[in-house]
Amino acid sequence: MSERKAVGIDLGTTFSAIAHIDAYGKPQIIPNAESERITPSVILFDGQNAIVGTLAKQNSVAEPEKIVDFVKREMGKSRDQFHREFNGQSFTAEELSALIIRKLRSDAEKYLGVPVTDAVITVPAYFNDAERTATIQAGQLAGLNVLQIINEPTAAALAYGLDKLDQDQTVFVFDLGGGTFDVTIMRIENQSIRMVATNGDHRLGGKDWDDIIVNLVAEEFDRLHGENPLLDLQSYQDLQSRALAAKIQLSSRPRTTLVHSFNGKSIKIELTREDFEQLASPLVEKCKAITEIVLQEARMTWADIDKILMVGGMTRMPMIRELVEKASGGVEMTDQVSPDEAVAIGAAIQGILSMLGEEDKKGQRVIPMETREQFSTRDGGLIQVTNITSHTLGIVLWDENAMEEYVFPMIPKMTAMPCEVKNAFGTAQPNMKRAVVRIVEGESTVPSECTSLGTCSVELPPFLPKGSPVEICYQYNTNQVLNVIVDAFGKQAKATLERNAGLNEQELARATANLSLISVE
Ligand code: AMP
């Protein structure tokens with residue numbers, strides 16, 4: 001068998017990280033070519049060159065038109081909904097993310113001295129089908145075999161729990177990163193890790209705190225000089241990085257000074273931590289509300305929680321620590337795993353578990369026995385990690401009495417994965433030519449309030465009476481990516497989901513060819 005090397009990748013909104021399991025079976029972060037343990041998720045396009053990381057970030061003010069950042073917030077969008085153009089070439093969010101992964105991969109290969117072939121990539125637990133599919137495709141476009149997509153809080157819990165599997169406990173993972181907020185309750189029991197409940201807001205993160213400072217300075221500037229400094233891209237980027245630095249300073253100091261110049265005019269603002277906390281209180285309240293919802297969903301109170309695992313750079317902020325301390329009534333918070341590194345480390349652990357699982361299926365033994373033992377339970381089986389679905393997956397049906405469409409939940413939120421659900425539905429009219437199945441994701445029974453994932457269409461035999469059964473099967477794999485199969489009455493017709501988002505096979509091949517023309521540093 002040719003050598004395979006798996007890594008774990010935390011593809012973050014602001015920073016990304018990559019980790020592996022070393023020869024001693026220990027998870028380790030792999031530093032990039034600049035010797036940094038995390039790489040800014042920022043791309044600078046320079047002709048046919050894409051520069052990823054700190055150098056790109058440093059140039060974001062000087063050359064804002066050549067920069068792409070916060071790509072993760074655009075994942076799952078079609079090319080029409082989001083793309084960026086450079087050198088006459090258009091890039092989707094998957095393609096841009098692929099460039100970030102290529103940088104991580106090639107730096108890792110240089111550091112490890114072997115080709116990196118396989119990866120587990122993490123996503124916020126709250127990512128939907130389109131966002132997950134886009135993440136898998138980003139990995140594939142970077143030339144990797146994507147072993148699995150796992151939820152960031154699950155990865156963090158794995159990093160934290162690997163050497164604590166002997167102590168049964170309930171862990172609350174509070175993950176506030178640069179662009180997303182995830183809260184998840186995990187149970188470590190019988191040497192396995194099980195997700196109990198999850199919730200979050202994938203549009204709430206560090207950038208929103210930065211924006212508060214950006215807007216504060218811009219408003220003051222406008223009041224003083226009658227000009228909006230945000231209308232100029234360079235000034236906007238400059239202010240954004242100053243705001244981020246000010247936010248970080250306020251985590252360790254009670255006050256900071258911001259200076260901003262634009263069009264020959266300047267402003268100096270003193271900002272205290274107290275004022276910043278006041279301005280950011282609506283964001284903190286949002287975090288608090290989501291925290292309460294996830295406890296309700298798990299049918300738990302803080303008294304049931306043994307540990308709070310703080311993940312994501314934003315959990316260093318005093319206002320966030322205070323929120324968690326107050327809300328939980330002082331449940332122990334743990335920083336045992338670095339908030340910036342835990343997710344990539346957990347992904348690397350999942351990578352080795354996936355490879356060991358594959359070996360078991362094929363009856364092979366390539367991974368050293370000592371490594372296997374590190375990832376095994378007392379009775380010799382592999383550590384089990386069970387995730388649950390974070391959204392309900394439904395089918396749109398016709399309600400004859402109400403004369404309107406409604407959503408029937410096929411796989412309810414919080415179902416353990418992988419799972420498969422079959423249901424038979426009657427045809428709505430006699431002699432229907434086709435059964436068209438509309439698949440949606442969301443918690444509402446009203447179709448327009450859910451996200452449409454796509455459709456499945458199957459030809460029906462002629463002259464079927466009304467109410468003839470059509471069997472629909474939803475298969476949800478461990479990546480939380482859905483496959484839908486329609487078995488039509490009398491004739492074993494099958495069809496798989498045609499997605500609204502993501503690239504089809506042809507587009508994937510074309511994108512791979514286009515991306516290969518770009519060199520990544
Ligand atoms: P992540 O996506 O987990 O890497 O989180 C990065 C976010 O954490 C960014 O918004 C950073 O500005 C923020 N961050 C990192 N360190 C600190 C700090 N000491 N205080 C406040 N925010 C921080």
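Atoms within each ligand, like the ligands themselves, are counted from 1 in listed order. As the structure is a prediction and not an experimental result, all values here were calculated from the model.
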Problem - Test: Glu94 and Arg79 ion pair at under 4.0 Å - result: no
Handout entry: Contact check, Thr13 vs ligand 1, heavy-atom distance below 4.0 Å
Key = no
Handout entry: Contact atoms of ligand 1, heavy-atom distance to Met317 under 4.0 Å
Key = 20 (N), 21 (C)
Fill in the blank from the handout: For Met319 and Val284, the nearest pair of non-hydrogen atoms, with its separation, is SD-CG2, 3.6 Å
Exercise for the section: For the pair Gln234 (side chain) and Pro64 (backbone), establish whether a donor and an acceptor sit closer than 3.5 Å, ignoring hydrogens and angles. Expected result: no
Fill in the blank from the handout: For Gly312, the atoms of ligand 1 under 4.0 Å from one of its heavy atoms are 3 (O)
Handout entry: Under-4.0 Å heavy-atom contact with ligand 1, by part of Leu244 that carries it
Key = side chain
Handout entry: Leu258 versus Arg242, closest heavy-atom pair with distance
Key = CD2-O, 3.9 Å
Practice task
Using atom types as modelled and distance alone, determine if a side-chain donor or acceptor of Thr184 lies under 3.5 Å from a backbone N or O of Thr198.
Solution key: no
Problem - Sub-4.0 Å atoms of ligand 1 with respect to non-hydrogen atoms of Gly206 - result: 10 (O)
Exercise for the section: Would you mind checking which non-hydrogen protein atom is closest to atom 17 (C) of ligand 1, with the distance to 0.1 Å? Expected result: Gly313 O, 3.5 Å
Exercise for the section: From the options Leu99, Leu508, Ile101, Leu96, select the one residue that forms a side-chain contact (heavy atoms from CB on, under 4.5 Å) with Leu141. Expected result: Leu508
Completion exercise
For Lys247, the ligand 1 atoms with a heavy-atom partner under 4.0 Å come out as 9 (C), 10 (O), 11 (C), 12 (O), 13 (C), 22 (N)
Exercise for the section: Please write down residue, atom name and distance for the protein heavy atom closest to atom 20 (N) of ligand 1. Expected result: Ser251 OG, 2.6 Å
Practice task
Cation-pi check, Lys207 to Phe70: give yes when NZ or CZ is under 6.0 Å from the six-membered ring centre and within 45° of the ring axis, no otherwise.
Solution key: yes
Exercise for the section: Look only at the side chain of Ser35 and the backbone of Pro31, and say whether a donor-acceptor pair between them is shorter than 3.5 Å. Expected result: no
Practice task
Just need the protein heavy atom nearest to atom 6 (C) of ligand 1, so name the residue and atom and give the distance.
Solution key: Thr14 OG1, 3.4 Å
Fill in the blank from the handout: Nearest non-hydrogen protein atom to atom 2 (O) of ligand 1, with distance, is Gly178 N, 2.9 Å
Exercise for the section: Could you tell me whether some N/O pair between Met314 and ligand 1 is separated by less than 3.5 angstrom? Expected result: yes
Problem - Residue and atom name of the nearest protein heavy atom (relative to atom 16 (N) of ligand 1), distance in Å to one decimal - result: Arg316 NH1, 3.3 Å
